[in-house]
S.K.: 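The structure's right below; bear with me while I get my questions together.
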Amino acid sequence: MDFEIGEVFLIDKPLEWTSFDVVKKIRGRLKIKKVGHAGTLDPLATGLLIVCAGKATKNINEYQDLGKTYTGTMVLGKTTPSVDLETEFDSENPFDHITPKQVEESAAQWTGDIMQVPPIFSAIKVDGERVYKMARRKEEVKLKPRPVQVSLFKVDASSLPEVKFKIQCSKGTYIRSLVRDVGEALGCGAYMSELRRTAIGDFEVEDAFVLEDFISRLQRD
């Protein structure tokens, strides 16, 4: 491989690694400065991360613009400020009255071209600062809704309070916001316990390297 000319790698991001952690690990092994990723995954998410090296970094925006596919689990009846398990539970509400059909109807409300408010625990900048830093200081954060497209929001609510889901969506869609909005629509709240990105455009996680296997391969080359 000629990394300076440009290479694109598909990596299965491990749990609790940031996307930048993956880039830093690969950059250190390749010993070149031009390494970047095409679309952030939260530390508590796993799955497909496109990493570009050398001149291939010029194409990062093209990969970022591709649609994404995710699978995961939301849990009804509890909420956290971050809408995942990064933060502690801050509310608990009854969910026994919720039916699978109601969950399906709620998910349908957030399908199509929608306006979405990003989660306050996100890397969006307000006045030059990442909003998750403001949220951690418990400062009030108000974010404006943004247009996104959710082409598929399929749910399996046969094991409540857990709800399995599959989502296909546009660039810039926050899955945690969809989980938050479904929970609010149902009146019981929800948080995301698991998330995995399975595809970016036609790129699939089944074709991705496990990170440590990839690093071992680089060491052999």
Side-chain angles (χ1 to χ4, degrees), residues 12-19 39-49 67-112 114-124 131-132 134-136 138 140-141 143 145-146 148-170 172-200 205:
D12 189 347
K13 188 191 81 66
L15 186 68
E16 296 185 347
W17 282 59
T18 68
S19 300
T40 302
L41 272 177
D42 290 338
L44 295 183
T46 64
L48 183 59
L49 190 70
K68 315 293 191 299
T69 303
Y70 298 88
T71 60
T73 305
M74 71 176 87
V75 183
L76 304 183
K78 290 183 177 181
T79 64
T80 73
S82 59
V83 202
D84 61 11
L85 292 171
E86 179 186 342
T87 53
E88 299 294 326
F89 295 115
D90 61 356
S91 76
E92 186 169 356
N93 304 288
F95 61 85
D96 294 343
H97 60 290
I98 303 295
T99 67
K101 183 174 177 56
Q102 287 175 309
V103 178
E104 293 169 5
E105 290 173 346
S106 179
Q109 293 179 38
W110 303 104
T111 305
I114 63 172
M115 296 297 290
Q116 182 184 75
V117 178
I120 58 171
F121 279 78
S122 64
I124 292 172
V131 293
Y132 69 82
M134 301 165 68
R136 286 173 181 166
K138 301 191 182 305
E140 185 175 357
V141 181
L143 297 174
R146 308 185 308 175
V148 297
Q149 184 180 69
V150 180
S151 55
L152 176 72
F153 194 168
K154 184 178 180 180
V155 295
D156 176 1
S158 59
S159 299
L160 294 174
E162 289 193 347
V163 179
K164 301 290 185 182
F165 61 78
K166 179 178 181 179
I167 293 171
Q168 293 176 341
C169 57
S170 65
T173 304
Y174 282 91
I175 307 304
R176 284 180 293 135
S177 289
L178 292 174
V179 170
R180 176 201 65 204
D181 293 340
V182 166
E184 289 179 355
L186 291 170
C188 63
Y191 70 93
M192 187 171 68
S193 63
E194 182 183 23
L195 183 67
R196 183 164 177 77
R197 186 157 66 195
T198 59
I200 300 174
V205 73

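Note that the numbering runs from 1 along the sequence shown for the chain. Predicted, not measured: the structure shown is a model, and the values here were computed from it.
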S.K.: What distance do K101 atom NZ and S106 atom OG have between them, rounded to the nearest 0.5 Å?
M.R.: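 Result: 12.5 Å between the selected atoms.
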
S.K.: Which residue pairs pass the side-chain hydrogen bond (donor to acceptor under 3.5 Å, both in side chains) test with at least one member in residues 179-190, sequence neighbours excluded?
M.R.: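 Qualifying pairs: none.
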
S.K.: Which heavy atom of L49 sits nearest a heavy atom of G39, and at what distance?
M.R.: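 So the two residues come closest at CD1-O, 3.2 Å.
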
S.K.: Distance check, rounded to the nearest 0.5 Å: D84 atom CG versus M74 atom CE?
M.R.: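 These two atoms lie 13.5 Å from each other.
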
S.K.: What are the two closest non-hydrogen atoms of T87 and S82, and how far apart are they?
M.R.: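 In this case the closest contact between T87 and S82 is OG1-OG, 2.7 Å.
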
S.K.: Hey, is the main chain of V148 close enough, under 3.5 Å, to the side chain of S170 for a donor-acceptor pair?
M.R.: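 Not at all, since once roles are kept as given, no pair shorter than 3.5 Å links the two residues.
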
S.K.: Could you report the tightest heavy-atom contact between P119 and L143, atom names first, then the distance?
M.R.: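 Nearest pair, atom of P119 first, then L143: O-CD1, 3.6 Å.
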
S.K.: Would K78 pass as a cation-pi partner of F89, given that its NZ or CZ must be under 6.0 Å from the six-membered ring centre and within 45 degrees of the axis?
M.R.: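 Yes, a cation-pi geometry.
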
S.K.: Is a donor on one side and an acceptor on the other found under 3.5 Å between the side chain of R197 and the backbone of Y70?
M.R.: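 Such a contact is absent between R197 side chain and Y70 backbone.
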
S.K.: Taking it one step at a time, do T79 and S91 satisfy side chain to side chain donor-acceptor pair (under 3.5 Å)?
M.R.: CA-CA 5 Å; T79 64; S91 76; 2.4 Å; yes

S.K.: Taking all atoms of both residues into account, what is the closest heavy-atom pair of C188 and P94, and its distance?
M.R.: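 Shortest heavy-atom separation between C188 and P94 comes out as CB-O, 3.5 Å.
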
S.K.: Sequence neighbours excluded and cut-off under 3.5 Å, please list the side-chain donor-acceptor pairs for residues 160-168, or say none.
M.R.:
| residue | atom | partner | partner atom | Å |
| --- | --- | --- | --- | --- |
| K164 | NZ | T73 | OG1 | 3.0 |

S.K.: Could you tell me whether the side chains of T198 and T69 share a donor-acceptor contact shorter than 3.5 Å?
M.R.: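 The criterion, which ignores hydrogens and geometry beyond distance, is not satisfied for T69 and T198.
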
S.K.: Taking all non-hydrogen atoms of both residues into account, name the closest pair between A135 and I120 and its distance.
M.R.: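 For A135 and I120, the tightest heavy-atom pair comes out as CB-O, 3.8 Å.
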
S.K.: Would you give the length of the straight line joining atom CD1 of I175 to atom OG1 of T71, rounded to the nearest 0.5 angstrom?
M.R.: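 Rounded to the nearest 0.5 Å, the CD1-OG1 separation comes to 10.0 Å.
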
S.K.: What is the minimum heavy-atom distance between A107 and V155, and which atoms define it?
M.R.: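 The pair with the smallest heavy-atom distance is CB-CG1, 3.9 Å.
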
S.K.: Heavy-atom count check: over 12 atoms from other residues, nucleotides or ligands less than 6.0 Å from E16 CD?
M.R.: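 12 or below, so no.
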
S.K.: Between L48 and D12, is a side-chain contact (heavy atoms from CB on, under 4.5 Å) present by the stated rule, with each step listed?
M.R.: CA-CA 5 Å; L48 183 59; D12 189 347; over 6 Å; no

S.K.: Find out whether Q116 and L178 are in side-chain contact, i.e. whether some heavy atom of one side chain is under 4.5 Å from a heavy atom of the other.
M.R.: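 Yes, their side chains come closer than 4.5 Å.
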
S.K.: Evaluate the criterion side-chain contact (heavy atoms from CB on, under 4.5 Å) for residue pair L152 and T111; output intermediate values, then yes/no.
M.R.: CA-CA 7 Å; L152 176 72; T111 305; over 6 Å; no

S.K.: Indicate yes or no: at least one non-hydrogen side-chain atom of R146 is less than 4.5 angstrom from one of Y174.
M.R.: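 Sidechains of Y174 and R146: in contact.
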
S.K.: About how many Å separate CD of Q109 and CZ of F153, when rounded to the nearest 0.5 Å?
M.R.: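 Going from the CZ atom of F153 to the CD atom of Q109 covers 10.5 Å.
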
S.K.: Could you state the interatomic distance from CD (Q102) to CG (L186), rounded to the nearest 0.5 Å?
M.R.: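 Reported to 0.5 Å precision, the distance equals 6.5 Å.
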
S.K.: Under a plain distance cut-off of 3.5 Å, with no hydrogens placed, do R196 and T46 share a side-chain donor-acceptor pair?
M.R.: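 Distance-only check passes for T46 and R196.
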
S.K.: Thinking salt bridges, do D42 and K13 make one under a 4.0 Å N-O criterion?
M.R.: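 Answer for the salt bridge query: no.
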
S.K.: Taking the side chain as every heavy atom from C-beta outward, state whether W17 and P43 have any pair of such atoms under 4.5 Å apart.
M.R.: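 No; the side chains remain at least 4.5 Å from each other.
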
S.K.: Evaluate the criterion salt bridge (Lys or Arg N to Asp or Glu O under 4.0 Å) for residue pair R176 and E86; output intermediate values, then yes/no.
M.R.: CA-CA 12 Å; R176 284 180 293 135; E86 179 186 342; 5.6 Å; no

S.K.: So how far is it from Y191 OH to D90 CG, rounded to the nearest 0.5 Å?
M.R.: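 Interatomic distance, Y191 OH to D90 CG, rounded to 0.5 Å: 12.0 Å.
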
